[in-house]
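Here is the structure we will look at, set down as structure tokens.
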Amino acid sequence: MDIIIDIRHPADIDANPLIAGDNEVMVLAFFNLEQSLSKLHPEQSYLLYCDKGLMSRIQAQLMREKGFIKVGVFKPKL
């Protein structure tokens with residue numbers, strides 16, 4: 001199962017919480033993600049979420065460069 005990482009700023013998360021169904025959601029702001037990668041398992045499947053998708057794509061690429069294989073962008077169903 002995918003783990004969704006909500007990388008939005010904490011204020012944005014408080015104002016508009018992410019509804020992700022049965023998926024596990026981890027809150028890890030984009031500005032802390034790189035420093036926290038050592039706490040994540042590189043073979044786990046992760047989907048990153050931000051409001052517009054741009055920061056998710058940038059951070060997903062960073063994770064791939066750091067050895068994470070199963071990384072994508074989460075797009076919630078509206």
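The distance from atom CG of Leu28 to atom CD of Gln35, rounded to the nearest 0.5 Å, is 9.0 Å. Interatomic distance, Leu40 CG to Leu33 CG, rounded to the nearest 0.5 Å: 7.0 Å. Atom CG of Leu37 sits about 8.5 Å away from atom CD of Gln59, to the nearest 0.5 Å. Here Met55 contributes atom CE and Ile7 contributes atom CD1; the two are 6.5 Å apart, rounded to the nearest 0.5 Å. Note: Lys52 NZ to Arg8 CZ = 11.5 Å, rounded to the nearest 0.5 Å. In this structure, CG on Leu48 lies 10.5 Å from CE on Met26, to the nearest 0.5 angstrom.
In terms of hydrophobic clustering, with Ile, Leu, Val, Met, Phe, Trp and Tyr side chains grouped at heavy-atom distances under 4.5 Å, Ile13 and Phe30 are assigned to different clusters. Residues Val27 and Ile4 do not share a hydrophobic cluster, clusters being chains of Ile/Leu/Val/Met/Phe/Trp/Tyr side chains in contact below 4.5 Å. Note: the hydrophobic cluster containing Tyr49 also contains Val25 (ILVMFWY, side chain heavy atoms under 4.5 Å, direct or indirect links).
Contact between Ala20 and Phe74 at its shortest, heavy atoms only, is CB-CZ, 4.3 Å. Across all their heavy atoms, Asp2 and Asn23 have their closest contact at O-ND2, 3.7 Å. Shortest non-hydrogen contact noted between Gly72 and Ala60 is O-CB, 4.5 Å. In terms of heavy atoms, Cys50 sits closest to Ser56 at N-OG, 2.9 Å.
No more than 12 heavy atoms of other residues, nucleotides or ligands shown are found within 6.0 angstrom of CD on Glu43.
The salt bridge (Lys or Arg N to Asp or Glu O under 4.0 Å) analysis of residues 10-31, with sequence neighbours excluded, yields no pairs.
Between Phe31 and His9, the two ring planes are tilted [angle within 30° to 60°].
Proximity of a side-chain donor or acceptor of Tyr46 to a complementary backbone N or O of His41 within less than 3.5 Å is detected.
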